[in-house]
Visitor: 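The structure that follows is given in the form of structure tokens.
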Protein chains: 2
Amino acid sequence: MARAGLTAERLARAGAELADEVGFEQVTVSALARRFDVKVASLYSHLKNSQDLKTRIALLSLEELADRGAAALAGRAGKDALTAFADVYRDYAREHPGRYAAAQLRLDPETAAASAGVRHAQMTRAILRGYDLTEPDQTHAVRMLGSVFHGYVSLEMAGGFSHSEPDSQETWARVLDALDALLRNWPAS
Amino acid sequence: MARAGLTAERLARAGAELADEVGFEQVTVSALARRFDVKVASLYSHLKNSQDLKTRIALLSLEELADRGAAALAGRAGKDALTAFADVYRDYAREHPGRYAAAQLRLDPETAAASAGVRHAQMTRAILRGYDLTEPDQTHAVRMLGSVFHGYVSLEMAGGFSHSEPDSQETWARVLDALDALLRNWPAS
DNA sequence: CAATTTGCCTATAGGCTTTAGGTAAGTGCA
DNA sequence: TGCACTTACCTAAAGCCTATAGGCAAATTG
């Protein structure tokens with residue numbers, strides 16, 4: 001009975017890979033056990049339950065995404081920062097669709113507050129340093145940027161923009177142009 | 001053995017109600033059978049499988065949402081049309097979270113093409129008649145509007161904007177102001 | 001009113017989740 | 001080195017969900 005060397009960490013990482021291969025929805029404790037060639041019950045020593053697994057994958061993905069975002073923002077400002085950050089989201093979703101879906105998992109408030117989700121909000125706010133916005137418009141803009149990034153990526157992943165002209169890549173560039181223009185010229189209330 | 005009067009239609013409608021009550025993810029053929037006080041196997045005369053049920057709920061929700069959108073757009077133009085249409089999305093999601101989640105279900109291309117999703121795209125394009133955009137910017141704008149509406153509503157539903165100032169309602173109004181300003185002043189490429 | 005179709009049933013099989021309790025592999029201390 | 005202890009994985013089992021096959025009774029039709 002050789003030991004497989006399971007840990008919650010390794011399970012979450014393998015779960016993330018599995019999510020990218022078969023979709024986050026299809027990630028199950030059973031499938032993960034199969035992947036480690038181990039009986040299902042064995043995983044329950046490391047995972048509280050199925051939801052726990054999904055939460056761990058979500059947290060891992062949020063962190064990866066935040067790390068990439070931070071790397072992209074380093075040394076950039078203004079529109080340069082805006083597009084680099086936005087591209088991180090889009091590229092991550094294309095590279096790791098399962099992880100991106102995981103990152104959308106609804107976390108309970110406590111878990112969310114302790115997650116890398118907080119860094120995401122901070123980074124979005126950092127982008128706005130390159131623009132001349134004061135509160136409460138800054139918060140409105142943070143929320144709008146998050147909405148556009150998430151909304152665009154998720155519609156694109158759902159196939160909403162494929163099989164129609166113009167190319168999604170072109171729209172993405174123009175949407176970022178538009179956001180930049182908007183932030184430079186945010187309407188007064 | 002009295003008959004329960006099951007039809008695919010009624011099942012989809014009941015499934016939609018169930019989705020609003022317990023979440024779209026939790027909608028199962030079993031739960032639906034319980035609701036009709038009928039054995040599970042009986043539903044399989046009307047539904048091909050579990051996915052079929054979910055698809056029907058999605059199609060029904062897309063149609064309801066399109067109907068509301070059409071009603072909102074009637075007799076409106078410009079910013080008035082923009083906000084009325086956007087509010088339809090947001091209000092629908094708040095009123096019917098399960099149905100709204102269902103409307104995001106990824107449909108296969110054939111089903112999607114025959115769905116009310118097509119009307120949604122047409123209506124979004126109709127809103128832009130009130131602004132001075134020509135192709136391909138019109139398409140870029142259509143995609144951006146869809147992204148903002150979907151992104152904002154879905155982040156708001158996930159609790160992203162609660163427990164923080166300012167109020168989500170205020171941000172929503174300002175985001176629509178910003179979109180209107182942007183569409184009136186779309187940057188040249 | 002008989003024949004046919006339709007609607008819901010029972011029975012059954014297989015998959016996923018989760019808990020309880022057992023056994024063997026690794027760890028630490030004398 | 002040897003023994004106790006802990007840890008890691010196991011078997012077993014119950015509960016719920018999906019899905020199919022085949023049966024009987026209720027509705028429909030001529």
Side-chain angles (χ1 to χ4, degrees), chain A residues 1-60 98-99 101-102 104-108 111, chain B residues 1-61 98-99 101-102 105-108 111:
Chain A
M1 239 166 252
R3 300 196 168 190
L6 307 178
T7 65
E9 258 305 296
R10 282 193 65 198
L11 289 173
R13 248 194 294 278
E17 284 169 28
L18 187 57
D20 286 336
E21 292 166 22
V22 304
F24 184 57
E25 304 278 300
Q26 325 307 321
V27 173
T28 65
V29 178
S30 289
L32 204 53
R34 247 173 267 132
R35 169 160 296 216
F36 279 96
D37 202 27
V38 138
K39 297 298 171 182
V40 186
S42 306
L43 301 201
Y44 281 87
S45 315
H46 306 279
L47 303 170
K48 232 179 74 225
N49 50 36
S50 181
Q51 187 58 37
D52 182 32
L53 170 62
K54 286 183 180 148
T55 302
R56 284 173 192 275
I57 298 173
L59 292 175
L60 180 152
R99 284 159 152 96
Q104 314 308 322
L105 183 68
R106 189 171 181 155
L107 303 171
D108 61 282
T111 309
Chain B
M1 244 165 254
R3 300 195 170 193
L6 307 179
T7 66
E9 259 304 298
R10 281 193 66 197
L11 289 173
R13 246 193 295 279
E17 283 168 29
L18 187 57
D20 286 336
E21 291 166 22
V22 304
F24 184 57
E25 303 279 299
Q26 325 307 320
V27 172
T28 66
V29 178
S30 289
L32 205 53
R34 247 173 268 132
R35 170 161 295 219
F36 279 96
D37 202 26
V38 139
K39 296 298 169 182
V40 184
S42 306
L43 301 201
Y44 282 87
S45 316
H46 306 279
L47 304 171
K48 229 177 78 225
N49 52 35
S50 180
Q51 189 56 38
D52 182 33
L53 170 61
K54 285 180 181 150
T55 301
R56 285 174 191 275
I57 298 174
L59 293 174
L60 178 151
S61 305
R99 283 161 153 95
L105 183 70
R106 191 172 179 152
L107 303 171
D108 61 281
T111 310

Visitor: Measure from the side-chain heavy atoms of A:Tyr44 and tell me the nearest of D:dC9, D:dT18, C:dT17.
Guide: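 The answer is C:dT17, which lies nearest to the side chain.
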Visitor: Under 4.5 Å between any side-chain heavy atoms of B:Leu107 and B:Leu59, yes or no?
Guide: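 Of all side-chain heavy-atom pairs linking B:Leu59 with B:Leu107, at least one is under 4.5 Å.
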Visitor: D:dT18 C1' sits how many Å from B:Leu47 CG, rounded?
Guide: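 Distance check: B:Leu47 CG to D:dT18 C1' gives 12 Å.
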Visitor: Between C:dT17, C:dC8, D:dT18, spot the one nearest the side chain of B:Ser30, thanks.
Guide: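 Out of C:dT17, C:dC8, D:dT18, the nucleotide with an atom closest to B:Ser30's side chain is D:dT18.
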Visitor: Is any NZ, NE, NH1 or NH2 atom of the basic residue among A:Arg13 and A:Glu9 found under 4.0 Å from an Asp or Glu carboxylate oxygen of the other?
Guide: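 A salt bridge is present here (some side-chain N lies under 4.0 Å from a carboxylate O).
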Visitor: Of all the choices, C:dC16, C:dT18, D:dT18, which nucleotide is nearest to the side chain of B:Ser50 once you look at every atom?
Guide: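 Comparing C:dC16, C:dT18, D:dT18 against the side chain of B:Ser50, the answer is D:dT18.
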Visitor: OP1, OP2 of C:dC16 versus side-chain N and O of A:Arg34: anything below 4.0 Å?
Guide: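 A:Arg34 to C:dC16 OP1/OP2: side-chain N or O found under 4.0 Å.
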Visitor: Quick one: which of C:dT17, D:dC9, D:dA19 gets closest to the side chain of A:Leu6?
Guide: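 Given the options C:dT17, D:dC9, D:dA19, the side chain of A:Leu6 is closest to D:dC9.
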Visitor: Roughly how far, to the nearest 0.5 Å, is CG of B:Leu53 from NE2 of B:His46?
Guide: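 Result: 12.5 Å between the selected atoms.
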Visitor: Check A:Arg35 with A:Glu21, please: is the shortest side-chain N to carboxylate O separation under 4.0 Å?
Guide: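 Salt bridge present between A:Glu21 and A:Arg35.
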Visitor: I need the CG-P distance between B:Leu43 and D:dC17, as an integer number of Å.
Guide: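 After rounding, the reported distance stands at 12 Å.
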Visitor: Round to a whole Å and report the spacing from CZ of B:Arg35 to P of C:dC8.
Guide: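 About 17 Å, once rounded to whole Å.
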Visitor: I need the CG-C1' distance between A:Asn49 and D:dG15, as an integer number of Å.
Guide: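 Nearest whole value for this atom pair: 16 Å.
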Visitor: Can you check the A:Lys48 NZ to C:dT19 C1' distance for me, whole Å?
Guide: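 In whole Å, C:dT19 C1' and A:Lys48 NZ are 15 Å from each other.
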Visitor: D:dT18 P sits how many Å from B:Leu11 CG, rounded?
Guide: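 Rounded to whole Å, this separation is 13 Å.
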Visitor: Does B:Ser42 put a side-chain nitrogen or oxygen below 4.0 Å from OP1 or OP2 of C:dC9?
Guide: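 Indeed, a polar side-chain atom of B:Ser42 lies that close.
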Visitor: Tell me whether the OP1 or OP2 atom of D:dC9 has a side-chain N or O from A:His46 closer than 4.0 Å.
Guide: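 For A:His46, the contact criterion (side-chain N or O under 4.0 Å from OP1 or OP2 of D:dC9) is met.
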Visitor: Can you tell me how far C1' of D:dC16 sits from CD of B:Gln26, to the nearest Å?
Guide: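 So the two atoms are 13 Å apart, to the nearest Å.
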Visitor: Can you tell me if CG on A:Asp37 sees more than 12 non-hydrogen neighbours from other groups inside 6.0 Å?
Guide: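 Result for CG/A:Asp37: open.
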Visitor: Which of the following nucleotides, D:dT18, D:dT11, C:dT18, is nearest to the side chain of A:Lys39?
Guide: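 Of D:dT18, D:dT11, C:dT18, D:dT11 is nearest to the side chain of A:Lys39.
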Visitor: Take atom CD of B:Glu25 and atom P of D:dC17, then tell me their distance rounded to the nearest Å.
Guide: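 One finds 15 Å between P of D:dC17 and CD of B:Glu25, rounded.
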Visitor: If you compare every side-chain N and O of A:Ser45 against the phosphate oxygens of D:dC9 (OP1, OP2), does one of them come in below 4.0 Å?
Guide: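 For A:Ser45, the contact criterion (side-chain N or O under 4.0 Å from OP1 or OP2 of D:dC9) is not met.
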Visitor: Nearest of C:dT17, D:dA21, D:dC17 to any side-chain atom of B:Ala41?
Guide: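 The answer is D:dA21.
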